[in-house]
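Single-structure report; data block below.
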Amino acid sequence: MSAAVAIVSPFFFEVGNLSVFYARTYSAFTGRMFWGEVIKMMMRIGIESLPIVISVTAFVGLNIVVQGYQMMRLLGAQDMVGMFLAMAAVRELAPILAAALVGAKAGCGMASELGTMRIREQIDALEVMSVDPYRFLIAPRVIAAIAMGPLITIVALWSCIAAGYLAAVYQFDLNGSLFLSEVFRFITPRDLLNVLLKSGAFAAVCFPIVCYAGFYAEGGARGVGDATNRAIVWGAIGIVTINAVLTAIMY
Amino acid sequence: MFGRVSEFFLVATRGFVHGREYLLQTVPLTLHLIGRCVIPVMAVNFGLGVAISIQAGSVFAIFSADTLLGGLTGLMIFRELGPVIAAVLISAQGGTSTATELGAMRIKEEIDALELIAIDPMHMLVLPRILAFVIAAPILNFIACILGMTGGYGAAMVQDLVSSGAYSESFFTFMTQMDLWNGTLKTTIFGFIIGVLGTYYGFYATGGAEGVGRSANQAVVQSIVAVLIANYFITTLFFGAVGS
């Protein structure tokens with residue numbers, strides 16, 4: 001019995017602590033906002049994440065076409081590979097990958113930054129000066145992520161499709177215009193709206209988790225690294241769980 | 001950058017000759033790594049299997065090829081998503097924790113202390129960790145694929161997309177042993193990439209607590225980028241031929 005309590009109670013402690021964190025973060029959205037911080041964070045998220053988002057999604061686009069070609073060949077429908085790319089990239093992979101990469105690059109960076117501030121007692125210093133750390137540190141980051149997430153996802157989408165076009169035309173000798181018409185036939189405005197909603201939801205739910213991991217770092221240099229680790233793992237699990245739920249609702 | 005990492009690895013491989021007494025450490029490190037990574041890998045792949053199954057179900061309804069759902073979901077998960085997602089999570093969980101561990105040792109000057117007592121940290125710390133990643137990655141990939149299929153099968157049953165018999169029949173029709181070996185080879189290479197980059201960034205961490213966080217961040221970002229780029233080339237090697 002006591003062993004079970006020892007395993008379960010830290011879990012409930014974390015869940016409760018995280019809920020309080022969410023409540024404080026979102027209640028800091030009302031009232032005064034540090035817009036300068038928001039702009040700074042938006043620039044940081046965008047500039048840090050864009051290079052890796054573009055390069056990684058380009059390779060994923062190439063890869064989807066190679067796999068999709070082989071799979072569609074089983075059905076005897078090689079020309080439909082454009083449809084496969086549109087479905088796989090637009091509906092699932094571009095939002096997940098963009099969110100995961102923004103989480104890994106900017107999110108992890110912010111977790112380790114907040115962790116360092118906690119270790120060096122800068123967050124306590126803010127509280128002493130009666131600056132609400134949720135209002136000054138967390139809320140701008142979350143707002144910036146909610147604003148930038150969908151934009152980065154759109155960039156990821158286009159880089160995915162452009163790279164897929166290259167693979168289809170130059171690696172498999174498919175007809176380029178036929179490929180593109182297949183792609184655009186299967187991207188509807190509703191799909192794009194769903195993508196934007198998805199990536200906004202990822203940012204709104206998972207970015208506070210990432211900040212939470214950094215905000216409560218403890219234990220010196222090792223603790224900052226552990227906070228970074230927790231941030232990315234919890235963020236990834238959160239993204240995929242929300243994705244499964246949203247996919248089930250949307251389609 | 002590439003040259004430095006290669007040099008780092010080549011120096012570490014000298015441990016096969018000069019540091020043989022530390023190679024046995026690979027076993028506990030591997031078990032530790034699998035234990036750390038297994039829950040995130042399972043959770044994420046299950047969720048992804050559910051999403052893939054729902055999406056693929058809506059696509060195959062267009063072809064009225066619902067009975068192929070099991071087979072094609074299986075191909076997608078075993079060939080592509082299982083290995084890649086497992087690798088991303090191994091680098092998120094295992095890569096960062098290795099970078100953190102070695103980075104903290106570097107910051108606290110424990111690595112210098114090892115050198116001082118004439119123990120080569122490359123042999124004692126780095127090589128067993130790289131080997132642990134190489135061994136653990138295919139095992140985790142196998143677990144990931146099975147959980148992905150469980151999620152896919154569960155979603156197909158709950159949403160009533162296809163009958164259970166048709167699902168498993170098409171799965172066993174499409175899957176070949178080749179797909180399993182392809183995933184194993186892929187994740188072995190991914191594990192190697194993650195292990196080398198994780199230890200490299202941890203080993204050369206500088207700048208206090210902030211530096212440890214930065215090296216963990218660098219390790220995960222660089223290894224995800226490297227893994228996904230390597231993935232394209234391995235896939236092309238296996239499936240890229242037009243007429244194959």
Side-chain angles (χ1 to χ4, degrees), chain A residues 52 55-57 59-60 62-64 66-67 69-71 74-75 77 80 83-84 87-88 91-92 96-97 100-101 104-105 108-109 111-113 115-116 119-120 167 171-173 214 217 220-229 232-233 235-237 239-241 243-248 251, chain B residues 40 43-48 50-52 54-59 62-63 65 68 71-72 75-76 79-80 84-85 88-89 92-93 96-97 99-101 103-104 107-108 151 155 159 174 202 208-217 220-221 224-225 228-229 231-232 235-236 239-240 242 244:
Chain A
I52 66 160
S55 55
V56 165
T57 47
F59 275 95
V60 169
L62 294 172
N63 202 24
I64 291 174
V66 177
Q67 290 283 4
Y69 180 81
Q70 299 301 336
M71 237 177 256
L74 293 176
L75 303 174
M80 299 290 271
M83 182 211 74
F84 186 79
M87 291 285 182
R91 289 193 176 179
E92 286 296 317
I96 293 187
L97 269 177
L101 288 169
K105 181 77 196 172
C108 249
S112 81
E113 187 192 55
T116 312
I119 301 294
R120 297 214 182 122
Q171 198 172 352
F172 292 117
D173 275 336
R222 184 72 196 264
V224 176
D226 284 341
T228 318
N229 183 350
I232 174 81
V233 174
I237 293 177
I239 287 171
V240 175
T241 314
N243 180 54
V245 173
L246 286 182
T247 299
Y251 298 105
Chain B
V44 168
N45 266 282
F46 187 82
L48 213 65
V50 170
I52 286 294
I54 294 169
Q55 292 286 11
S58 75
V59 176
I62 299 172
F63 292 109
L68 297 179
L72 294 188
L75 286 189
M76 258 186 254
R79 279 189 183 170
E80 201 51 44
V84 169
I85 300 297
V88 168
L89 283 162
Q93 178 69 287
T96 50
S97 73
T100 303
E101 202 180 357
I107 300 296
K108 287 185 193 152
Q159 301 233 335
F174 277 103
E210 206 182 340
V212 177
R214 207 181 321 115
S215 70
N217 188 357
V220 61
V221 170
I224 288 177
V225 172
L228 285 168
I229 291 175
N231 181 40
Y232 166 66
T235 306
T236 302
F239 304 112
V242 179
S244 69

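Every chain is numbered from 1 and lettered A, B, ... according to where its sequence line falls, protein lines coming before strand lines. All heavy atoms count here, side chains included; hydrogens, waters and symmetry mates do not.
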Atom group of Val220(B) that falls short of 4.5 Å from chain A, counting heavy atoms: side chain

Among the listed options Ile119(A), Ile232(A), Val60(A), the residue most often paired with chain B at heavy-atom distances under 4.5 Å: Ile232(A)

Partner chain A: residue of Gln93(B), Lys108(B), Gln159(B) with the largest heavy-atom pair count (under 4.5 Å): Gln93(B)

Structural part of Leu246(A) lying under 4.5 Å from a heavy atom of chain B: neither

Ile64(A) side, atom CD1; Glu80(B) side, atom CD - distance, nearest 0.5 Å: 8.5 Å

CD1-CG distance between Ile237(A) and Leu89(B), expressed to the nearest 0.5 angstrom: 7.5 Å

Greatest number of heavy atom pairs closer than 4.5 Å to chain B - which of Ile96(A), Asn243(A), Val224(A): Val224(A)

Atom of Gly213(B), atom of Ser112(A) and distance for their closest heavy-atom approach: CA-CB, 3.7 Å

Residue, of Ala92(B), Gly71(B), Gly202(B), Ala104(B), that accumulates the most heavy atom pairs under 4.5 Å with chain A: Ala92(B)

Chain B contacts, top residue of Thr247(A), Thr228(A), Asn229(A) (heavy-atom pairs, under 4.5 Å): Asn229(A)

Trace of the side-chain contact (heavy atoms from CB on, under 4.5 Å) decision for Val66(A) with Tyr232(B): CA-CA 8 Å; Val66(A) 177; Tyr232(B) 166 66; 3.9 Å; yes

Contact origin within Phe174(B) toward chain A - heavy atom pairs under 4.5 Å: side chain

Heavy-atom proximity to chain A below 4.5 Å, by part of Ile54(B): side chain

Heavy-atom contact with chain B under 4.5 Å, split by part of Ile239(A): neither

All side-chain contact (heavy atoms from CB on, under 4.5 Å) counterparts of Thr100(B), not counting sequence neighbours: Arg222(A), Asp226(A), Val212(B), Ala216(B)

Separation between CG of Leu228(B) and CG of Asn63(A), rounded to the nearest 0.5 Å: 8.0 Å

Interface residue of largest heavy-atom contact number with chain B, from Ala100(A), Ala104(A), Ala217(A), under 4.5 Å: Ala104(A)

Rounded distance [0.5 Å steps], NZ in Lys105(A) versus CD1 in Ile224(B): 11.0 Å

Test side-chain contact (heavy atoms from CB on, under 4.5 Å) applied to Val240(A) - qualifying residues, sequence neighbours left out: Val44(B), Leu48(B)

Distance-minimising heavy-atom pair for Thr236(B) and Gln171(A): CG2-NE2, 3.0 Å

Nearest heavy-atom neighbours spanning Gln67(A) and Thr235(B): NE2-CG2, 3.5 Å

Closest heavy-atom pair and its distance - Ala244(A), Ala51(B): CA-CB, 4.4 Å

